[in-house]
Amino acid sequence: MTTLSPLSLRQRLSEYEKLMRLDKPIGILLLLWPTLWALWVASDGRPAAWVVAIFVVGTVLMRSAGCVINDYADKDFDGHVERTRNRPLAARRISPKEALGLAAGLSLLSFLLVLPLNGLTIAMSVPAVFLAGSYPYTKRFLAIPQAYLGIAFGFGIPMAFAAFQNDIPLVAWVMLLANVFWAVAYDTEYAMVDRPDDLKIGIKTSAITFGRFEVAAIMICYAATLLLLGWCGLETGAGAPFLAGLAAAAGLMAYHYTLIRERDRPKCFKAFLHNNWVGAAIFAGWVVDYLLR
């Protein structure tokens, strides 16, 4: 058994930051954009600032907790993957028990955040925590765990509708489905980077499941995302500014095709990171649309 080296407070906080992936905010952004879409749509473009603040802080906390649980679940695998071998748990700089305590603390803070909201939103926070905590283990048995990730990353959508409407209408579930397709697309790009290592250690990913059709699958998922979000927009009375945002997102997705078509690992990772701008473009279109109504 490897003995953990003693850490100073400053070093420990630095390891916690890495464990929560606060130094790599792309995951927070990919989780935040769908939540913001829903907050604006559910409130007809006029979300209360304090509710938005609760969801933004909750997004950061839950994504951080999810990263800690992910590294706990993968602590025996990450050391065999080039990109993850130096993570705090894999490198044994943080103990598993300490990581679990951190994840529990972050989850508790997230739950306390939603207490000022209505009962339906509070009730929805329970499956949200379960989804975030269980996702890492789905890579053992699901052929496309990215679909499960899409539900976990998009669960802020029904929660946002619950917070503002005390109801979860059909448009919320369609928006969540759109997020599932988007997550499968961008996380398959991410999985293409790790595919050689994942094949060695037996982790299941969409990049492995789709095989040589992974690029086509990504583009189909992108198209499904746009079609479903288009329906959501039209169903809620959106007009030209929203459609312009979708068109901008489509253009960015087309650019991603040029990055991933040769399966070059650094370019695939670049495409994954670039999905931040896809989410931002869709959000900007919705915000402008509501401002002009």
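Keep in mind that what you see is a predicted model, and the values were worked out from it rather than measured.
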- Item | Joint cluster assignment, Leu149 & Leu131, ILVMFWY side-chain distance < 4.5 Å | yes
- Checking side chain to side chain contact (heavy atoms under 4.5 Å, CB included) for the pair Val180/Phe153: CA distance, chi angles, key distance, verdict? CA-CA 8 Å; Val180 170; Phe153 263 35; over 6 Å; no
- Same cluster (ILVMFWY, side-chain, under 4.5 Å), Val288 and Tyr290: no
- Query: Shared ILVMFWY cluster between Ile94 and Leu100, side chains joined below 4.5 angstrom?
  - Reply: yes
- Any side-chain heavy atom of Leu13 sitting closer than 4.5 Å to one from Glu17? no
- Query: Under 4.5 Å between any side-chain heavy atoms of Ile168 and Ile157, yes or no?
  - Reply: no
- Item | Spacing of Ser95 atom OG and Leu89 atom CG [to the nearest 0.5 Å] | 7.5 Å
- Report the distance from atom CG of Leu30 to atom CG of Asn275, rounding to the nearest 0.5 Å. 6.5 Å
- Item | Geometric class of the His274/His256 ring pair [parallel <30°, tilted 30-60°, perpendicular >60°] | perpendicular
- CG/Leu170 to SG/Cys232 distance, rounded to the nearest 0.5 angstrom? 8.0 Å
- Query: Looking only at heavy atoms, which two atoms of Met253 and Leu226 are closest? And how far apart?
  - Reply: SD-CD1, 3.7 Å
- Query: For Leu31 and Ala152, which heavy atoms make the closest approach, and how far apart are they?
  - Reply: CD1-O, 4.2 Å
- Item | Heavy-atom closest pair, residues Leu22 and Arg63 | N-NH1, 4.4 Å
- Task: Verify the distance criterion only: is there a donor paired with an acceptor across the side chains of Ser134 and Tyr148 at less than 3.5 Å?
- Result: yes
- Item | Candidate pair Trp231 and Leu228, rule side chain to side chain contact (heavy atoms under 4.5 Å, CB included), full reasoning | CA-CA 5 Å; Trp231 181 89; Leu228 290 168; 5.7 Å; no
- For residues Trp33 and Asn276, is any side-chain donor paired with an opposing acceptor at under 3.5 Å? yes
- Item | Hydrophobic cluster membership, Leu227 vs Leu176, 4.5 Å side-chain cutoff | no
- Query: What heavy-atom pair brings Gly133 and Ile69 nearest, and what distance separates the two atoms?
  - Reply: O-CG2, 3.3 Å
- Should Thr188 and Ile144 count as side-chain neighbours, where that means a heavy-atom distance under 4.5 Å? no
- Query: Any side-chain heavy atom of Val52 sitting closer than 4.5 Å to one from Trp40?
  - Reply: yes
- Task: Give me the one residue out of Thr59, Leu106, Leu109, Leu19 that meets side-chain contact (heavy atoms from CB on, under 4.5 Å) with Ser64.
- Result: Leu106
- Query: What's the verdict on side chain to side chain contact (heavy atoms under 4.5 Å, CB included) for Met159 and Leu117, showing C-alpha distance, side-chain angles and the deciding distance?
  - Reply: CA-CA 10 Å; Met159 288 184 67; Leu117 302 175; over 6 Å; no
- Message: Contact between Leu32 and Phe55 at the side-chain level, heavy atoms closer than 4.5 Å - yes or no?
- Response: no
- Task: Would you check if the side chain of Trp286 reaches a backbone N or O of Ala38 as a donor-acceptor pair within less than 3.5 Å?
- Result: no
- Could you walk me through whether Leu229 and Met175 pass the side chain to side chain contact (heavy atoms under 4.5 Å, CB included) test, one step at a time? CA-CA 6 Å; Leu229 287 178; Met175 197 181 296; 4.0 Å; yes
- Message: Asp71 and salt bridge (charged side-chain N to carboxylate O under 4.0 Å, His left out): which single residue from Lys18, Arg87, Arg93 fits?
- Response: Arg87
- Side-chain heavy atoms of Val41 within contact of Phe161, under 4.5 Å: yes
- Query: Going from OH on Tyr222 to CD on Glu189, what distance comes out if it is rounded to the nearest 0.5 angstrom?
  - Reply: 3.5 Å
- Message: Any non-hydrogen side-chain atom of Ile218 less than 4.5 Å from a side-chain atom of Met192?
- Response: yes
- Message: Please find the pair of heavy atoms, one from Ile260 and one from Val215, that lie closest to each other, and give the distance.
- Response: O-CG2, 3.6 Å
- Quick one: are Leu102 and Met20 in side-chain contact, heavy atoms under 4.5 Å? yes
- Taking atom OH of Tyr135 as the centre, does the number of heavy atoms from other residues, nucleotides or ligands within less than 6.0 Å exceed 12? yes
- Interatomic spacing from OG1 in Thr121 to CZ in Phe164 - rounded to 0.5 Å: 9.5 Å
- Looking only at heavy atoms, the pair that brings Ala249 and Val278 closest together is CB-CG1, 4.0 Å
- Task: Can you run down the salt bridge (Lys or Arg N to Asp or Glu O under 4.0 Å) pairs that involve residues 211-232, sequence neighbours left out, and say none if there aren't any?
- Result: Arg195-Glu214, Glu214-Arg263
- Candidate list Phe283, Trp182, Phe242, test ring-ring contact (aromatic ring centres under 6.0 Å, His included), partner Trp37, passing option: Trp182
- Would you say Val193 and Ile26 are hydrophobically clustered, going by side-chain heavy atoms of ILVMFWY under 4.5 Å? yes
- Only residue of Thr205, Asp187, Thr209 satisfying side chain to side chain donor-acceptor pair (under 3.5 Å) with Gln146 is Asp187
- Does Asn70 use its side chain to pair, donor to acceptor, with the backbone of Pro136 at less than 3.5 Å? no
- Query: Side chain of Ser14, backbone of Arg10: donor and acceptor closer than 3.5 Å?
  - Reply: no
- Message: Return the CG to CG distance between Leu108 and Leu113, rounded to the nearest 0.5 Å.
- Response: 10.0 Å
